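Take a look at the structure set out below.
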Number of protein chains: 2
Amino acid sequence: MIDPAALAALAAVLRTGSFEGAAADLRLTQSAISQRVKTLEDRLGTALVRRTRPATATVAGARLLQHAEEISLLDRRLAADLGGLLPTPDTPLRIAVTADSLATWLLPALAAVPDLLFDLVIDDQDHSAELLRQGAVAAAVTLAGGAVPGCDAHALGSLRYRAYCAPAFAARWFADGVTADRLGAAPALTFNQKDTLQRQWVTQATGGKPRLKTHYIPETNAITQAAIAGIGWGMNPTSMVDPLIAAGHLTEIIAGQTLDTPLIWQVPRQNRDALADLTRAMRRAARGALVPA
Amino acid sequence: MIDPAALAALAAVLRTGSFEGAAADLRLTQSAISQRVKTLEDRLGTALVRRTRPATATVAGARLLQHAEEISLLDRRLAADLGGLLPTPDTPLRIAVTADSLATWLLPALAAVPDLLFDLVIDDQDHSAELLRQGAVAAAVTLAGGAVPGCDAHALGSLRYRAYCAPAFAARWFADGVTADRLGAAPALTFNQKDTLQRQWVTQATGGKPRLKTHYIPETNAITQAAIAGIGWGMNPTSMVDPLIAAGHLTEIIAGQTLDTPLIWQVPRQNRDALADLTRAMRRAARGALVPA
DNA sequence: GGTCAATCATTAGCGTTGCTTATATTAAAT
DNA sequence: ATTTAATATAAGCAACGCTAATGATTGACC
């Protein structure tokens with residue numbers, strides 16, 4: 001059996017990226033962390049932490065981290081079942097989320113559950129299904145379509161996206177009207193390779209299916225900034241871009257032409273009880289901020 | 001987080017039924033066990049063990065026991081993944097088995113994996129599916145037909161059953177031949193209410209479907225003893241009754257009329273790697289002792 | 001390239017925890 | 001009631017793991 005104290009130290013080191021950060025997190029001295037990690041490494045006969053800045057996990061370290069996460073989930077379930085006899089563990093709860101959810105409606109939902117700590121994993125690559133299956137995250141906000149067996153799937157509603165660009169950019173590329181060809185020629189701003197929002201929108205708006213020229217910028221806010229700078233056209237949730245449009249920094253490419261993407265809150269059935277409060281908060285926040293499905 | 005040492009003490013107490021037994025198991029003094037359990041109970045503010053003989057679990061205690069079992073499984077998986085870096089935990093592995101498997105072919109299979117400890121749960125009531133789902137057992141030998149989602153199901157082959165009775169019993173009930181009616185009239189020996197072996201056999205042998213008069217004796221060996229005593233007719237795996245038939249204590253009711261029951265080895269996919277050795281041993285032992293499916 | 005800043009490792013010492021031994025208490029059995 | 005078998009409690013001691021202080025290593029910057 002792995003010493004849980006050592007496991008906590010390892011997890012904290014990998015979470016914070018440094019021994020000192022871990023010490024602060026666990027309210028111990030840096031020395032204690034160092035000793036715990038070292039003894040664990042000695043016992044196992046393998047390095048667990050690469051002493052880099054930030055500290056990174058070796059293969060064995062990563063596996064142990066997963067183990068820590070799994071145990072933390074078991075503890076949560078136990079605490080839920082025992083009904084308050086046991087204090088809720090104060091290790092952060094790992095949840096996968098979509099970048100745009102994080103940038104718009106998600107934080108208020110999390111804020112509504114003040115007795116939990118969160119460790120958010122931004123799901124750049126549509127990994128959530130795999131993460132859920134492996135138990136690497138306790139729950140996930142995913143796009144529709146990736147239902148995971150063994151998970152409760154709560155439909156949250158849809159994020160409404162608007163396509164926009166800088167006024168000068170519109171003048172340059174769309175002076176003669178917005179067509180599929182012109183949209184294909186103008187450089188787009190895409191979150192990453194998995195992101196097909198733009199293509200969907202172009203098809204919905206024009207019926208065409210052009211091959212898009214695009215930049216890849218894996219950070220939601222950076223995309224709006226890039227658009228303001230005139231680098232390309234992008235798509236973001238209405239709540240993010242509407243103020244910028246109102247201020248004249250951006251213009252909508254086709255007025256009123258929005259695209260809705262349904263979101264799902266997926267909770268492995270095992271964790272249902274332990275995360276009941278969170279699920280309730282999610283659904284409530286989504287009801288207020290998202291478009292009904 | 002629950003102190004794992006305390007959890008181990010609790011589990012040992014409930015497994016052995018006494019504090020002293022637990023102490024012997026964990027190579028500690030009875031006093032240490034008492035202290036561990038007491039501190040845990042104090043921390044949680046609830047009784048966990050009912051001080052009876054044997055000791056039994058309260059509701060909270062049972063829940064904690066399940067938690068201990070879950071953690072032990074996680075540890076096993078981790079040990080498997082880390083490949084020997086970590087010693088295999090020495091908490092017994094809980095496995096559900098059918099009574100007849102235990103009485104015949106199973107023990108050699110378990111013996112072939114000497115580095116594991118076992119905690120066998122005899123599945124009187126076809127509970128295995130539920131036990132597997134809840135994680136209360138790490139794997140199970142079940143009858144065919146109860147496949148559990150999320151489990152690897154290995155077909156092991158079939159146990160071959162023979163119907164038998166004492167010679168005097170045969171003379172009394174089957175002097176005029178073995179018919180469905182006579183079989184329905186002669187008292188049978190049945191393992192329990194879920195056991196439909198006899199009915200299947202009667203149907204297979206005679207085509208009839210009589211309502212059987214039967215004793216219920218939930219212990220496999222006791223059934224053969226009861227048959228020898230002339231209380232009724234029974235069915236058991238060939239390997240159990242053939243020696244008794246050869247010795248003249250029992251006779252087969254219809255020579256050569258046997259019934260095969262397929263067995264399945266079910267392992268939750270999560271535990272597959274951790275139990276790979278055991279699965280291999282199971283399949284090998286089954287190949288030698290069971291009838292190919 | 002030498003100095004500085006930041007981080008991790010090591011050492012020594014001490015306090016707490018949790019064990020053993022020994023004894024008290026409780027509960028069941030006769 | 002007495003005896004037996006179990007769990008609980010008390011006292012003392014050993015070991016473990018923490019803090020505090022110091023040493024070693026690394027990378028950054030002038």
Side-chain angles (χ1 to χ4, degrees), chain A residues 1-58 60-62 64-65 68 71 86-87 89-91, chain B residues 1-58 60-62 64-65 68 71 86-87 89-91:
Chain A
M1 156 91 57
I2 303 266
D3 172 21
L7 209 55
L10 175 68
V13 166
L14 295 177
R15 189 171 55 239
T16 63
S18 83
F19 282 51
E20 296 198 328
D25 250 37
L26 301 182
R27 277 149 245 276
L28 295 172
T29 54
Q30 169 266 321
S31 170
I33 302 295
S34 179
Q35 291 175 48
R36 282 184 178 184
V37 173
K38 184 171 194 322
T39 354
L40 187 55
E41 290 182 323
D42 287 350
R43 266 208 246 289
L44 297 180
T46 322
L48 299 173
V49 179
R50 233 173 265 116
R51 270 69 168 180
T52 51
R53 260 184 288 277
T56 55
T58 64
L64 276 173
L65 187 63
I71 289 195
L86 195 68
D90 59 353
T91 60
Chain B
M1 154 94 57
I2 302 266
D3 172 21
L7 210 54
L10 176 68
V13 166
L14 295 177
R15 190 170 54 239
T16 63
S18 81
F19 283 51
E20 294 196 330
D25 251 37
L26 302 182
R27 276 151 248 276
L28 294 172
T29 54
Q30 170 266 322
S31 171
I33 303 295
S34 180
Q35 292 174 48
R36 282 186 179 183
V37 173
K38 183 170 193 326
T39 25
L40 187 55
E41 288 182 325
D42 286 351
R43 267 209 246 289
L44 297 181
T46 322
L48 300 173
V49 179
R50 228 172 272 116
R51 270 71 167 177
T52 50
R53 258 184 291 275
T56 55
T58 64
L64 275 173
L65 186 63
I71 289 194
L86 195 69
D90 60 354
T91 60

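In what follows, every chain begins at residue 1, and chains take the letters A, B, ... in the order their sequences are listed. Please read these numbers as outputs of a predicted model, since none were measured by experiment.
- When the salt bridge (Lys or Arg N to Asp or Glu O under 4.0 Å) test is applied to Arg50(A), no partner is found at least two apart in sequence or on another chain.
- Side chain of Phe19(A), nearest nucleotide from dT10(C), dC19(C), dA9(C): dA9(C).
- Thr39(B) comes within 4.0 angstrom of nothing in the nucleic acid, heavy atoms only.
- One interatomic measurement links the two molecules: CZ of Arg51(A) to P of dA24(D), which rounds to 18 Å at whole-angstrom precision.
- If Asp3(A) and Gln30(A) are placed on DNA chain D by their nearest nucleotide, the residue sitting closer to the 5' end is Asp3(A).
- dT9(D) atom C1' lies 13 Å from atom CG of Asp42(B), rounded to whole Å.
- A distance of 11.5 Å separates CG of Leu48(B) from OG1 of Thr56(B), quoted to the nearest 0.5 Å.
- Whole-Å rounding puts the Gln35(B) CD to dA11(D) C1' distance at 11 Å.
- Within the 4.0 angstrom heavy-atom criterion, only backbone atoms of the sugar-phosphate kind lie near Leu28(A); the bases stay farther away.
- Glu41(B) has its CD atom 12 Å from the C1' atom of dA8(D), to the nearest Å.
- Shown here for Ala22(A) and Ala9(A), the closest heavy-atom pair between the two residues is CB-O, 4.3 Å.
- Taking only side-chain atoms of Glu20(B), from C-beta outward, the nucleotide of dA10(D), dT7(D), dT19(D) with the closest atom is dT7(D).
- Looking at Val49(B), Leu14(B), Thr58(B), Leu44(B) one by one, the single match for side chain to side chain contact (heavy atoms under 4.5 Å, CB included) with Leu64(B) turns out to be Leu44(B).
- At whole-Å resolution of the value, CG in Leu26(A) and P in dT19(D) are 10 Å apart.
- In this structure, the CG atom of Leu48(A) is 16 Å from the C1' atom of dC8(C), given to the nearest Å.
- Of the listed nucleotides (dC18(D), dC8(C), dA10(D)), dA10(D) has the atom at the smallest distance from the side chain of Ser31(B).
- Out of dC19(C), dA8(D), dT20(C), the shortest distance to the side chain of Thr29(B) is found at dT20(C).
- Between the CZ atom of Arg36(A) and the C1' atom of dA9(C) there is a distance of 17 Å, rounded to whole Å.
- Distances shorter than 4.0 Å separate some side-chain N or O of Ser34(B) from OP1 or OP2 on dA8(D).
- Whole-Å rounding puts the Arg43(B) CZ to dT17(C) C1' distance at 10 Å.
- Among all heavy-atom pairs drawn from Ala62(B) and Ala57(B), the shortest one is N-CB, 3.7 Å.
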